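Structure record follows, encoded as structure tokens.
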2 protein chains.
Amino acid sequence: MTTPKSLLERAFSLLSVFTVDRPAVTLSELSRHSGLPLSTTHRLVASLVELRALDRTPDGRYSVGLRLLELGALSPGSLDLRDRALPFLEDLYEVTRHNVQLAVRDGTEVVYVERISARDAVNVVTRVGSRMPLHCTGVGLVLLAAAPVAVQESVLAAPLKRYTPKTIVSSGELREVLARVRRDGYAVSDRQIEMITYSVAAPVRGQNGDVVAAVSAVVPTGTRTDTLVPAVRTCGLAISRALGWGAG
Amino acid sequence: MTTPKSLLERAFSLLSVFTVDRPAVTLSELSRHSGLPLSTTHRLVASLVELRALDRTPDGRYSVGLRLLELGALSPGSLDLRDRALPFLEDLYEVTRHNVQLAVRDGTEVVYVERISARDAVNVVTRVGSRMPLHCTGVGLVLLAAAPVAVQESVLAAPLKRYTPKTIVSSGELREVLARVRRDGYAVSDRQIEMITYSVAAPVRGQNGDVVAAVSAVVPTGTRTDTLVPAVRTCGLAISRALGWGAG
DNA sequence: CCATCGTTTCCGGTCAGTGGAAGACTGGGC
DNA sequence: GCCCAGTCTTCCACTGACCGGAAACGATGG
């Protein structure tokens, strides 16, 4: 959308056309949404298909290629973290029976790396690979509380997006919440994204003790907390142990 | 590794340096393994980091960026399929308690899209995003049996890689197996990858009835089959229904 | 049959990308 | 402390890969 210059920028602005709501598009749609001239789009798309970064669907449209899934699976968090964490996420899912999520921080955003949800779970907006701001989700709060000061200040300085009446939008309040998260070792995001859900999140630590990820359970408003908090915290600790925290 | 020419090819040959065994590398390793001159590597890597396709780890090495995870999550199979299938995979996992996998076909290979495995499950070589040939895995056989004739012939014509003494390497035998898979509606891969496991796989159909994916359960050799086969087939049918098979 | 929308091909100018070389930085061997 | 080997970063003049307007091609449908 912005004015791209280098070939790589152009290529990525093409890839950025694909979204959850628009997983397959025609060549001219690609051209329009990316702002690139049609012939340029055509040439670039051909190269990307050649490289399997894009796939041509039977109906002539284009979609993201499996090569990118393959590469994405190598991103930090997907490789080691995901594999080691999955069994414990399963355990947590057994207890909660709603939604269980694993996320890492990328800059000033949360990226979800894994998610387990029940067929009849409260519908959650997040998916694997999707992004959310740090200030309003359970995992976001945990990750933000453990982030470098520069990142925290950067988030606190920017306007905080409101999702519901309960969303924290005051930087002062957010500071307090973060302090509480650090003290307690877990975060609660109560109806900050949707008015029908709240989430409890706990940190996951790597070998050197740094917070590398966060686990959370998302449940319908009204579910009792007393068993949920220990379950989520235990899960976070278990994954941390599996990652070598407190060992060599 | 080949002689790249266009910028995109160069960029992808850089990305291809990353593997499961080598998830983070230094700049000069990147240069060496990709065969690109150091300065070119440096410039390209800088652009890729700018675009978040690569990340710089704290120790100065590079790893695949979360942007690629995000994009990969939009690939066909990851988006609709994965989300709809997950709850049913959970159910199947409850029954088997070992490994449950969901895979799609990409050319003449299987790409795993989702996997659930127990902490103490038999160790399986596959991961999300990883590839395997079509002739020897349960999901591969299901997908190959339903693939266009051109793909089948292409696989049958090429030499079939042997993994264990039980791996099918004769194209004649493979033809018979494929016919059986089509007739029975499921596939069994008995110790064809590792001598300690076998897998049962069933097709997943999309709205128009085409096979779009395959589910499988991987269990230790010796586990009884009589309950496994119906469970896997049922799971395949359930996911197909969730995808709109047999409806509008 | 023509109009419309999407796709593919063509081609000369030009500027983004190239990569050798030289300089900066690190760490570790003695 | 000094040197050296390995790694990373910066610089810059050359050049061929990329650009994109235009025009041909091909469906669809009224």
Side-chain angles (χ1 to χ4, degrees), chain A residues 1-19 21-65 67-68 71 76 207-208, chain B residues 1-19 21-65 67-68 74 76 207-208:
Chain A
M1 271 309 160
T2 58
T3 44
K5 252 186 156 184
S6 84
L7 180 56
L8 281 178
E9 279 177 274
R10 288 163 201 256
F12 269 81
S13 66
L14 279 182
L15 294 175
S16 303
V17 170
F18 296 93
T19 64
D21 308 312
R22 207 195 295 132
V25 293
T26 67
L27 183 63
S28 19
E29 283 179 296
L30 267 171
S31 163
R32 272 195 299 275
H33 286 107
S34 65
L36 296 175
L38 185 56
S39 50
T40 301
T41 306
H42 183 259
R43 192 166 18 80
L44 268 181
V45 162
S47 310
L48 288 170
V49 168
E50 186 75 22
L51 292 163
R52 320 230 62 172
L54 290 182
D55 257 4
R56 185 128 211 208
T57 58
D59 63 352
R61 311 204 302 172
Y62 294 94
S63 66
V64 176
R67 190 72 227 283
L68 290 179
L71 285 171
Q207 282 198 24
N208 54 14
Chain B
M1 272 308 165
T2 59
T3 42
K5 252 184 155 184
S6 84
L7 180 57
L8 281 178
E9 278 178 274
R10 288 162 201 255
F12 269 80
S13 66
L14 279 181
L15 293 176
S16 303
V17 171
F18 296 94
T19 64
D21 307 311
R22 205 195 294 132
V25 292
T26 67
L27 183 63
S28 22
E29 284 177 296
L30 222 36
S31 162
R32 271 195 300 274
H33 286 107
S34 64
L36 298 175
L38 184 57
S39 51
T40 301
T41 306
H42 183 259
R43 191 166 20 79
L44 267 181
V45 162
S47 310
L48 288 170
V49 168
E50 186 74 23
L51 292 163
R52 321 230 63 173
L54 290 182
D55 257 4
R56 185 128 212 207
T57 58
D59 62 352
R61 310 201 307 168
Y62 294 93
S63 66
V64 175
R67 191 71 227 284
L68 290 180
L74 297 175
Q207 283 198 23
N208 54 14

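Letters A, B, ... mirror the listed sequences (proteins, then strands); counts begin at 1. Being a predicted model, the structure only gives us computed values, none of them experimental.
- Rounded to an integer number of Å, the gap from B:Arg32 CZ to D:dC8 P is 9 Å.
- In this structure, CG of B:Leu36 is placed 11 Å from C1' of C:dT18, rounded to the nearest angstrom.
- Across the interface with DNA chain D, nearest-nucleotide mapping of A:Leu38 and A:Leu7 shows A:Leu7 to be the residue nearer the 5′ end.
- Contact annotation for A:Thr26: backbone-only contact, meaning every heavy-atom pair under 4.0 Å involves sugar-phosphate atoms and none involves a base.
- Remark: C1' of C:dT26 and CG of B:Asp59 are 14 Å apart, rounded to the nearest angstrom.
- Proximity of A:Leu14 to A:Ser34: side-chain heavy atoms (C-beta onward) are separated by under 4.5 Å at one or more points.
- As rounded to whole Å, 14 Å separates atom C1' of C:dT18 from atom CG of A:Leu8.
- The side chain of B:Ser28 contributes an N or O atom lying less than 4.0 Å from OP1 or OP2 of D:dC8.
- Annotation: side chain of A:Leu68 is not in contact with side chain of B:Leu74 (no heavy-atom distance under 4.5 Å).
- Within the structure, a side-chain polar atom (N or O) of A:Arg43 is placed less than 4.0 Å from OP1 or OP2 of D:dC19.
- Looking at B:Leu30 and B:Phe18, their side chains come closer than 4.5 Å, going by heavy atoms from C-beta outward.
- Residue A:Thr40 has a polar side-chain atom (N or O) positioned under 4.0 Å from OP1 or OP2 of D:dG20.
- The side chain of A:His42 contributes no N or O atom lying less than 4.0 Å from OP1 or OP2 of C:dT7.
- To the nearest 0.5 Å, atom CG of residue B:Leu38 and atom CZ of residue B:Arg32 are 9.5 Å apart.
- As rounded to whole Å, 12 Å separates atom P of D:dT7 from atom NE2 of B:His33.
- Whole-Å rounding puts the B:Glu9 CD to D:dG16 C1' distance at 15 Å.
- Here B:Arg10 does not reach the OP1 or OP2 of D:dC18: none of its side-chain N or O atoms lies under 4.0 Å away.
- For the atom pair OG (B:Ser6) and CG (A:Leu44), the distance works out to 9.0 Å, reported to the nearest 0.5 Å.
- To the nearest angstrom, P of C:dT7 lies 13 Å from CG of A:Leu54.
- In this structure, the CG atom of A:Leu30 is 15 Å from the C1' atom of C:dT8, given to the nearest Å.
- Picking from D:dT10, C:dT8, C:dT9 the nucleotide with the shortest atom distance to the side chain of A:Leu27 gives C:dT8.
- For the pair A:Arg61 and C:dG6, the criterion of a side-chain N or O lying under 4.0 Å from OP1 or OP2 is not met.
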